[in-house]
There are 2 protein chains.
Amino acid sequence: MKRPTIIDIAREVGVSKAAVSYALNGRGGVSPETRDRILDVAADLGWRASSAARALSSDRAATVGVVLARSPEVLRTEPFFMQVVAGLEQTLSAHGFSLQLALASDPATELETYRRWWAERRVDGVLLTDLRVQDPRPALLRELRVPAVFFGTERPMAGIPVLWVDEHDIADSAIGHLAALGHRRIGHVQGPEELRHTARRKRELRRAAAEFSGVTLVPDRGDYTESGGVAATARLLDAPEPPTAIIFDNDVMAVASVARAEELGVRVPAELSVLAWDDSMLCRVVRPAITAFSHDVGAAAASAALMLLELIETGVADDSRLQPRKLIARASTAAASG
Amino acid sequence: MKRPTIIDIAREVGVSKAAVSYALNGRGGVSPETRDRILDVAADLGWRASSAARALSSDRAATVGVVLARSPEVLRTEPFFMQVVAGLEQTLSAHGFSLQLALASDPATELETYRRWWAERRVDGVLLTDLRVQDPRPALLRELRVPAVFFGTERPMAGIPVLWVDEHDIADSAIGHLAALGHRRIGHVQGPEELRHTARRKRELRRAAAEFSGVTLVPDRGDYTESGGVAATARLLDAPEPPTAIIFDNDVMAVASVARAEELGVRVPAELSVLAWDDSMLCRVVRPAITAFSHDVGAAAASAALMLLELIETGVADDSRLQPRKLIARASTAAASG
DNA sequence: TTGAAAGCGCTACCAT
DNA sequence: ATGGTAGCGCTTTCAA
């Protein structure tokens with residue numbers, strides 16, 4: 001069963017290739033009757049445009065690329081990425097686009113992937129996340145003139161549309177929640193330093209802490225992994241004056257640290273309150289369940305995809321703002337014991 | 001900066017298109033010197049073959065497709081799928097292939113996706129998982145003559161290479177572990193009925209239970225989700241003669257059920273032992289940590305990808321067997337209290 | 001309204 | 001060893 005081409009259809013109907021192409025693309029230039037006959041035959045034959053041929057002649061791959069640039073361990077454990085993939089795929093496929101996916105273990109590989117994709121005309125645009133400090137990606141993509149959308153950045157970026165988050169209000173909400181419970185010394189186990197929003201969150205939390213007089217923020221370094229989070233927590237709790245609450249930059253570190261804290265005899269939330277910046281099943285199923293900032297990642301990814309499609313289509317796309325996260329209070333945050 | 005083509009290279013070097021194509025594909029038919037000059041110029045220009053042009057003329061997309069056919073909820077919460085994606089992508093990209101990904105919420109959509117991909121010549125083959133009862137996919141793919149590899153099936157399949165698992169020994173191991181701890185009545189919260197391996201596991205567990213005289217297996221239906229698992233657990237525990245141990249077909253149901261059981265006053269493992277068929281971070285971080293069957297999903301996906309590449313390349317691929325799962329004993333299984 | 005024909009970039013066959 | 005050249009399947013321009 002050979003796969004049919006427009007030539008087969010043309011022969012069958014008794015018209016030219018061009019007529020078939022017009023009819024199939026709803027482009028006018030064919031009489032209604034021939035159009036219908038062409039569509040009928042195409043359907044009968046189960047015809048579908050060859051993606052390669054169409055890409056070659058239209059110079060459009062109808063594909064969008066995403067590089068997941070995190071360690072395999074983080075990719076596996078963080079539901080975040082699958083939600084992104086799912087949100088993107090659903091939106092893209094609804095618009096006739098495909099998703100090209102790649103993993104990259106280091107920044108150089110990631111850059112090389114964009115170069116290759118673009119040179120091979122494999123993608124019409126790319127979606128980026130996790131803006132880093134001194135991030136080389138925007139410059140490269142601008143230079144290559146690759147349509148790109150950044151999502152989850154802190155603010156607008158020259159030449160690249162962004163879907164940005166405002167960490168200001170969230171920081172207020174986090175500190176406000178804990179301060180209201182009587183916490184005065186609050187730890188903050190951060191994500192990787194190289195991520196731009198890590199610094200941003202720290203700054204906003206510090207600002208928010210300053211506004212609630214008497215609240216001190218004690219930052220420490222995590223890396224989004226279980227072990228990194230646990231180590232940071234141990235350092236905070238070992239200090240001469242340990243915090244009575246800790247804010248974790250992701251769910252994995254929060255959950256792992258709670259388990260570890262309890263093994264060390266520190267009861268949560270009686271002696272230590274815990275708040276996670278990302279929500280997920282992890283936070284819901286552990287005991288105590290963890291207070292978290294929830295966020296519809298799939299929907300955010302879907303919006304980013306729409307922005308990118310618009311950019312590809314029209315050449316421009318407006319920045320837009322992510323829905324703010326919501327605080328989901330659970331059992332891991334309670335009144336300070338002191 | 002227009003993207004260069006082989007014509008640009010040919011002009012620059014002063015040879016024909018064909019010579020350039022030969023040189024770039026290492027195909028002989030060009031003198032070493034011209035070959036080198038061509039490669040130099042190509043590198044200088046940053047040339048990359050247009051994927052569409054190559055696909056069109058070679059009739060090879062250099063792409064493999066995977067449809068993730070589960071509900072968004074399961075996709076999000078089960079680390080399994082991201083591991084599959086990661087394992088596939090790494091292997092494929094190492095061989096110059098890409099991964100085409102799609103989601104499908106129902107079987108009809110999944111079938112339609114294969115039809116479309118194949119008709120559009122978008123993929124050279126597909127990878128399948130989760131063989132269902134009365135699964136229409138093998139027949140369709142055979143009919144379409146799409147190279148395909150099934151992975152995680154229970155046994156060989158006519159016309160389609162499989163990467164199969166032997167649940168026999170695992171079942172022995174599961175029942176053996178619990179029987180040795182003194183459990184005589186063991187619950188089994190299954191996965192969705194429509195999955196072929198659900199029935200298979202049940203059968204193997206029952207067989208194994210029969211072999212350890214005195215052990216009774218009490219199966220109940222789950223669906224891999226938190227709520228489904230919790231409901232099944234509640235039914236089991238509400239029975240006149242509740243089991244002292246429960247085997248869960250995945251980690252999500254196990255973890256959610258432990259949390260729920262404890263809320264109901266059933267202590268784990270003192271009053272109820274719990275064993276999960278899949279291991280993941282979830283099982284490690286909750287307290288008590290959950291005894292589980294661990295399994296290198298990424299490696300399995302990588303093998304499946306290699307099989308598919310071989311099938312695409314040579315037209316044949318041998319069946320192969322998955323590495324058996326390993327029992328990771330943790331705190332959730334302990335001696336029966338009775 | 002219709003059809004012929006020129007690409008799109010690459011592969012591969014056939015002369016030279 | 002080298003260079004024309006004919007496709008691959010589709011889009012699109014230009015005549016008819």
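Labels below follow one simple rule: chain letters A, B, ... track the order of the sequence lines, proteins then strands, and each chain is numbered from 1.
Listed by residue number, there are no residues of residues 37-49 of chain B with a heavy-atom contact under 4.0 Å to DNA chain D.
Under 4.0 Å is where a charged nitrogen must lie from a carboxylate oxygen, and between B:Glu78 and A:Arg76 no such pair does. The existence of a salt bridge linking B:Arg132 and B:Glu110 is confirmed by a sub-4.0 Å separation between a basic side-chain nitrogen and an acidic carboxylate oxygen. Under a 4.0 Å N-O distance rule, the pair B:Asp130/B:Arg196 does not qualify as a salt bridge. A salt bridge links A:Glu112 and B:Arg48; the closest N-O separation between the charged side-chain nitrogens and carboxylate oxygens is under 4.0 Å.
Rounded to whole Å, atom P of C:dA12 lies 11 Å from atom CD1 of B:Ile6. If you take CD of A:Glu33 and C1' of C:dT1, they are 10 Å apart, rounded to a whole angstrom. Following rounding to the nearest Å, A:Lys17 (NZ) and C:dG7 (P) show an atom-to-atom distance of 13 Å. C:dT2 atom P lies 16 Å from atom CG of A:Asn25, rounded to whole Å.
B:Glu194 CD: more than 12 foreign heavy atoms inside a 6.0 Å radius. Few gaps surround CZ on B:Arg60; more than 12 heavy atoms of other groups in view lie less than 6.0 Å from it. Around CZ of A:Arg37, the count of heavy atoms belonging to other residues, nucleotides or ligands within 6.0 Å does not exceed 12.
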Open item on the list: Walk me through whether B:Ser50 and A:Glu120 qualify under side chain to side chain donor-acceptor pair (under 3.5 Å).
Closed with: CA-CA 4 Å; B:Ser50 147; A:Glu120 293 177 351; over 6 Å; no
Task: Step-by-step side chain to side chain contact (heavy atoms under 4.5 Å, CB included) determination, A:Val66 to A:Val126 - done: CA-CA 6 Å; A:Val66 175; A:Val126 297; over 6 Å; no
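Scanning DNA chain D 5' to 3' for nucleotides with an atom closer than 4.0 angstrom to a non-hydrogen atom of chain A gives a first and last hit of D:dG9 to D:dT13.
Residue B:Ser50 places no side-chain N or O under 4.0 Å from the OP1 or OP2 atom of C:dC8. Checking the phosphate oxygens (OP1, OP2) of C:dA12, no side-chain nitrogen or oxygen of B:Ser21 falls inside 4.0 Å.
Between B:Arg121 and B:Ser16, the residue anchored nearer the 5' end of DNA chain D, judged by the nucleotide with its closest heavy atom, is B:Ser16. Of the two residues near DNA chain C, B:Pro4 and A:Ser31, the one whose nearest nucleotide lies more 5' is A:Ser31. Where A:Leu56 and B:Val15 each meet DNA chain D at their nearest nucleotide, the meeting point lying more 5' is that of B:Val15.
Side-chain atoms of A:Asp319 never come within 3.5 Å of backbone atoms of A:Pro156 as a donor-acceptor pair (strictly under, hydrogens ignored).
Within the 4.5 Å cutoff, the side chain of B:Val20 has no heavy atoms near those of the B:Val13 side chain.
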Produce the list of close N/O pairs, under 3.5 Å, pairing protein atoms with atoms of nucleotides 13-16 of chain C; give distances to one decimal.
unit_1 : atom_1 : unit_2  : atom_2 : d
C:dC13 : N4     : B:Tyr22 : OH     : 2.3

